[in-house]
Amino acid sequence: MAFIKPTQPKDEPTVDFSRLPRHVAIIMDGNGRWAKRRGLPRTAGHAAGAETFRTIATYCKDIGLEYLTVYAFSTENWKRPLEEVSAIVGLLKKYLLESIQKMERDKIKLHFFGDLEPLPGELREMCDRTNEISKRYDGMQVNVCFNYGGRDEIVRAARAFALDCAAGRRRPEELTEGMFGEYLYSAGVPDPDLVIRPSGEMRLSNFLLWQSAYAELYMTDVLWPDFTPEELCRALAAYQSRDRRFGGV
Ligand code: FPP
């Protein structure tokens with residue numbers, strides 16, 4: 001019989017909380033359109049999106065999800081106006097500060113996937129500190145993809161493997177999919193079971209290309225700032241209704 005946790009929002013499709021996906025990944029899309037519809041600057045959309053991130057991450061922790069990965073800033077997002085890029089970097093800093101304080105209480109691990117090199121030194125140090133603190137905890141792991149691109153990640157991994165071969169630490173013929181995974185930002189993290197994309201777009205946009213090979217996809221027209229725990233439950237219920245065959249029968 002399905003076990004229904006009392007925390008499930010009312011009037012939503014039934015989610016069996018005893019068989020949640022281990023890893024949910026979300027493309028936090030639609031902040032700009034959300035702001036435009038309200039006559040607000042795009043930066044206001046990102047601020048609202050960051051609040052949604054907080055709400056959804058908290059809900060995921062409450063229901064016992066193991067891994068949550070969010071796409072916060074892509075390698076292509078630098079093409080946006082400086083003001084918008086600065087606002088997103090500022091939000092990352094604000095929520096990082098808050099998260100560091102909360103990690104202790106919630107035992108949450110916070111990791112970053114992406115090249116943090118171009119970030120301001122102070123922010124990079126905060127990210128390093130967060131990674132360090134995370135080693136002490138065993139709660140939900142949140143991965144924030146920042147200056148992240150799936151192709152970039154794969155190229156970096158290939159380069160690192162080639163360097164290991166050149167240095168005699170590895171041999172090309174011993175490379176397996178599992179070993180390659182150890183060179184990715186996501187080393188040690190199970191592949192996402194469910195990838196959610198709000199805002200009506202039907203593409204992966206360079207998100208977790210290697211890791212999403214067998215992920216179930218869930219797209220919704222809801223814009224990210226309007227995304228609620230109810231909406232997440234809809235995605236989880238849809239996931240649970242699917243038949244995952246991983247290429248088998
Ligand atoms: C995509 O929407 C969203 C982004 C590029 C930025 C997402 C950033 C945050 C939610 C805030 C910072 C993150 C954390 C983890 C605190 P879009 O701007 O492409 O929207 P549009 O497609 O409607 O224009």
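As the structure lists them, so they are numbered: ligands from 1, and atoms in each ligand from 1.
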W78 and N147: side chain donor to acceptor below 3.5 Å: yes
Option whose closest heavy atom lies nearest to atom 12 (C) of ligand 1, chosen from L96, L91, D29: L91
Numbering as shown, the atoms of ligand 1 that approach Y95 to under 4.0 Å (heavy-atom distance): 16 (C)
Min heavy-atom dist G30 to ligand 1 below 4.0 Å: yes
Protein residue, atom and distance nearest to atom 20 (O) of ligand 1, heavy-atom basis: G32 N, 3.0 Å
Distance-only polar pair, side chains of H46 and E84, donor-acceptor under 3.5 Å: yes
Geometric N/O contact R33 with ligand 1, under 3.5 angstrom: yes
Distance-only donor-acceptor check, side chains Q211 and E153, under 3.5 Å: yes
Atoms in ligand 1 with a heavy atom of N77 nearer than 4.0 Å: 5 (C)
F112-F146 aromatic ring centre distance below 6.0 Å: no
Top protein contact for atom 19 (O) of ligand 1, by heavy-atom distance: R80 NH2, 2.9 Å
Contact summary for P192 and A215, nearest pair of heavy atoms: O-CB, 3.4 Å
Ligand-residue contact atoms, ligand 1 with A50, heavy atoms, under 4.0 Å: 10 (C), 11 (C)
Per-atom contacts, ligand 1 versus R42 - under 4.0 Å to a heavy atom: 17 (P), 18 (O), 24 (O)
Salt-bridge criterion met for R42 and E83 (N-O under 4.0 Å): no
Heavy-atom nearest neighbour in the protein, as seen from atom 14 (C) of ligand 1, with distance rounded to 0.1 Å: F53 CD2, 4.3 Å
Identity and distance of the protein heavy atom lying nearest atom 3 (C) of ligand 1: M28 O, 3.1 Å
Nearest heavy atoms of V15 and A237, plus distance in Å: CG2-N, 4.1 Å
Top protein contact for atom 8 (C) of ligand 1, by heavy-atom distance: A72 O, 3.5 Å
CZ/R38: more than 12 non-hydrogen atoms of other groups inside 6.0 Å: yes
Subset of ligand 1 atoms that lie under 4.0 Å from at least one heavy atom of I88: 6 (C)
Side-chain donor-acceptor pair present, S134, N131, cut-off under 3.5 Å: no
Nearest heavy-atom neighbours spanning I63 and L20: O-CD1, 3.4 Å
Part of K36 within contact of ligand 1 (heavy atoms, under 4.0 Å): neither
Side-chain donor-acceptor pair present, T75, R151, cut-off under 3.5 Å: no
Minimum-distance protein heavy atom relative to atom 4 (C) of ligand 1: H46 CE1, 3.7 Å
Ligand-residue contact atoms, ligand 1 with G49, heavy atoms, under 4.0 Å: 10 (C)
N or O contact, N31 vs ligand 1, cut-off under 3.5 Å: yes
